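First up is the structure itself, then whatever we jot down about it.
Bear in mind that the values here come from a model prediction, so they are computed numbers and not experimental data. Computed from heavy atoms alone, side chains included, the values below leave out hydrogens, waters and symmetry copies.
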Amino acid sequence: STTGQDLEAMIEKKFGKSGKKAAAAKLGISPAYLSDMCGDRRGISAEFAVKLSKVFGQQAADTLYQQSCWQDLADALSLIHISEPTDRTR
């Protein structure tokens with residue numbers, strides 16, 4: 001799962017299925033900004049990772065490490081181009 005998916009799961013566990021508004025208020029951000037993070041459209045800063053750790057109990061370093069791994073994978077995939085197999089029997 002991505003960092004955003006994990007964040008969404010933590011919100012649901014602590015605040016319920018429709019808890020983004022309450023979670024955003026607790027974190028001091030807008031629900032739209034939180035939604036962007038859950039959708040992996042915004043990254044999580046070190047400062048925000050600390051806020052998450054205070055609200056949800058997850059270690060800030062774990063959040064940042066996971067995000068870094070996902071970004072590294074995305075970067076690697078964008079560099080790799082696999083072409084279609086060619087017919088070598090001609």
*Is it the case that one hydrophobic cluster holds both Leu27 and Val50, taking links as side-chain heavy atoms less than 4.5 Å apart, direct or via other members?*
no
*With a 4.5 Å heavy-atom cut-off, do Leu7 and Leu34 have their side chains touching?*
yes
*Using the salt bridge (Lys or Arg N to Asp or Glu O under 4.0 Å) rule, collect all pairs that involve residues 27-38, keeping only residues at least two apart or in two chains.*
Asp36-Arg41, Asp36-Arg42
*Taking only residues two or more places apart in sequence or in another chain, which ones pass side chain to side chain donor-acceptor pair (under 3.5 Å) with Asp6?*
Ser1, Gln66
_Shortest non-hydrogen contact from Ile11 toward Cys38_ = CD1-SG, 3.8 Å
*Have a look at Met37 and tell me which of Ile29, Thr3, Leu52 forms a side-chain contact (heavy atoms from CB on, under 4.5 Å) with it.*
Ile29
_side-chain hydrogen bond (donor to acceptor under 3.5 Å, both in side chains) pairs, two or more places apart, involving residues 13-35_ = Glu8-Lys20
